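For this chain, numbers begin at 1 and follow the sequence in order. Keep in mind that what you see is a predicted model, and the values were worked out from it rather than measured. Values reported hereafter were calculated over all heavy atoms of this structure, with side chains retained and with hydrogens, waters and symmetry mates removed.
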Amino acid sequence: MRLVNRMKAMWGVTLLAAVAGCSGQKAAPAAPPPREVEVVTLTPREVRDTGEYLGSLLSRQSVTVLPQVAGYVRKIHVRPGDKVEAGAPLIEVDSREGTAALDSAQAQLSSTQVNLELARRTLERTEALYKEGLASAQELEQGRAQVEAAEAAARSSAAQVTQRQVQLQYHLVRAPFAGTVGEVLVRLGDYVGLATPLTSVAQADVLEVSVSVPSPRARSMKPDTALEILDSEGKVLLTSNVFYIAPQADPRTQLVEVKAAFRNTVGLRPSELVRARLVYSARDALQIPALAVVRQSGQAFALVVHEKDGATVVERRPITLGALGEMAYVVEKGLQPGDQIAVSSLQALRDGMAVKPKQANVPSAPTGSSPPRASGNGGGAVGGSR
């Protein structure tokens, strides 16, 4: 009986303690501090509508050197790769036959000049005798005719000498303009004819780049459209303007040839293939980092940080994106200049959530790189021959 009473007393004490614990008020848990997020402030920047293609470099002055006379190669003055000035000697063809012909022509000229001098003196004596009545009119006319014939023979001989001198100059093949010598295709002692290639000379100081663009793109181009030559990493090496747009498309490929000329200051070579980028247009537009775009059911959203009711909160705002550039999308609709966009902790942010914004350190574009590209068609990436 005592044991039962003791157990009842213990249960009573326990019950009173439980009731006392339930009646006390607990302190409410403290609200978590706002999450710190990195933000970027949107400002309009230049967006370019571009296309990247494969271009071929052409020399504006390039020629295959041919001889103007036939004969044996007597001397080679240059080696492949030599830089030559206009008129510099390249290859000498045996000129002994031409020299002998010139000597013969000069001797003939001397003979005709002697005959001419004799005919003139004879005419002078005949005229003196004619005045004294000791020579007939027929003899006077014959003297004048002999002088005219001798003068004609002298002129013909002089022309022969000039012709031989010009032909003798052809035996020494010279550079038609300043440039770089290509492969020398002949050797000493080779017999060459008028159609035998000797070497080539190309000027690489000024080059042309030729690219083929789709017909729809060519229709919107202007003669001053900018063209950029890129290196393997996409950095701009040279910039020029288009000076030629083909009036007709290639019937097989339906591509239109476009050309631009530039001064070669980076050591490019004729016939080299390069990356070429055409800048069709440029405009100012807002751009949002690609990693700051949240997608759901095909709709793009941006997490905009702004002030609301005295607090800094996140707003999930639908946006319309344009083309994707190197690291950012063009924003067509949904955002305004000055909007702050969250770029960190995107998965943890909710609409209306309080945050503590911190300006993000956005790395600047490397020197020589181009701004993000836009195709202007409300979507895909840009460039490439299609």
Side-chain angles (χ1 to χ4, degrees), residues 60-79 82-179 181-182 184-203:
R60 303 198 74 177
Q61 287 188 317
S62 178
V63 65
T64 299
V65 180
L66 302 176
Q68 293 180 277
V69 293
Y72 293 94
V73 176
R74 185 177 181 181
K75 190 174 183 180
I76 299 176
H77 294 270
V78 293
R79 293 180 297 178
D82 285 353
K83 303 287 187 180
V84 295
E85 298 296 330
L90 301 178
I91 293 174
E92 184 177 344
V93 180
D94 188 4
S95 61
R96 288 175 292 181
E97 183 178 352
T99 302
L102 176 60
D103 293 341
S104 176
Q106 288 175 337
Q108 183 66 28
L109 175 60
S110 298
S111 176
T112 57
Q113 288 176 342
V114 171
N115 293 334
L116 175 60
E117 184 64 23
L118 178 60
R120 287 174 175 172
R121 291 178 181 178
T122 302
L123 177 60
E124 289 177 358
R125 289 194 296 268
T126 303
E127 288 177 344
L129 294 174
Y130 178 77
K131 290 180 181 179
E132 296 178 1
L134 300 178
S136 64
Q138 183 178 3
E139 291 175 338
L140 180 61
E141 291 298 329
Q142 288 178 351
R144 291 174 177 173
Q146 290 175 356
V147 170
E148 292 177 358
E151 290 176 346
R155 289 195 299 269
S156 176
S157 297
Q160 288 290 331
V161 170
T162 302
Q163 182 181 10
R164 295 299 181 183
Q165 288 174 340
V166 172
Q167 289 181 347
L168 190 61
Q169 293 177 358
Y170 293 158
H171 287 265
L172 183 58
V173 181
R174 299 180 179 273
F177 48 80
V181 178
V184 179
L185 305 175
V186 294
R187 299 294 179 264
L188 289 176
D190 287 351
Y191 183 84
V192 296
L194 299 181
T196 304
L198 301 179
T199 184
S200 62
V201 178
Q203 187 182 76

(Q) With side chain to side chain contact (heavy atoms under 4.5 Å, CB included) as the test, pick out the partner of Leu90 among Leu198, Val78, Ile76, Asp82. (A) Val78
Quick check: closest heavy atoms across [X] and [Y], and the distance to 0.1 Å?
| X | Y | result |
| --- | --- | --- |
| Ala70 | Gly193 | CB-CA, 4.2 Å |
| Gly87 | Arg174 | O-NH1, 3.0 Å |
| Phe177 | Val201 | CZ-O, 3.6 Å |

Exam field: side chain [X] to backbone [Y], donor-acceptor pair closer than 3.5 Å:
| X | Y | value |
| --- | --- | --- |
| His171 | Asp94 | yes |
| Ser104 | Ala100 | no |
| Asp190 | Val192 | no |

**Q.** Ile91 side chain reached by Val184 side chain, heavy atoms, under 4.5 Å
**A.** yes
Q.
Taking the side chain as everything from C-beta on, heavy atoms only, tell me whether Leu66 gets closer than 4.5 Å to Pro197.
A. yes
Which distance, rounded to the nearest 0.5 Å, do you find between the [atom1] of [X] and the [atom2] of [Y]?
| X | Y | atom1 | atom2 | answer |
| --- | --- | --- | --- | --- |
| Leu102 | Ser95 | CG | OG | 10.0 Å |
| Leu123 | Leu140 | CG | CG | 6.5 Å |
| Leu109 | Arg164 | CG | CZ | 13.5 Å |
| Glu117 | Thr122 | CD | OG1 | 10.0 Å |
| Tyr72 | Leu188 | OH | CG | 14.0 Å |
| Lys75 | Leu172 | NZ | CG | 9.5 Å |

**Q.** More than 12 heavy atoms from other groups under 6.0 Å of CD on Glu97
**A.** no
Q: Sort and list the pairs that fulfil side-chain hydrogen bond (donor to acceptor under 3.5 Å, both in side chains) and have at least one residue in residues 137-162, not counting sequence neighbours.
A: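 Checked against side-chain hydrogen bond (donor to acceptor under 3.5 Å, both in side chains) - neighbours excluded - the pairs reaching residues 137-162 are Thr112-Ser157, Arg120-Glu151.
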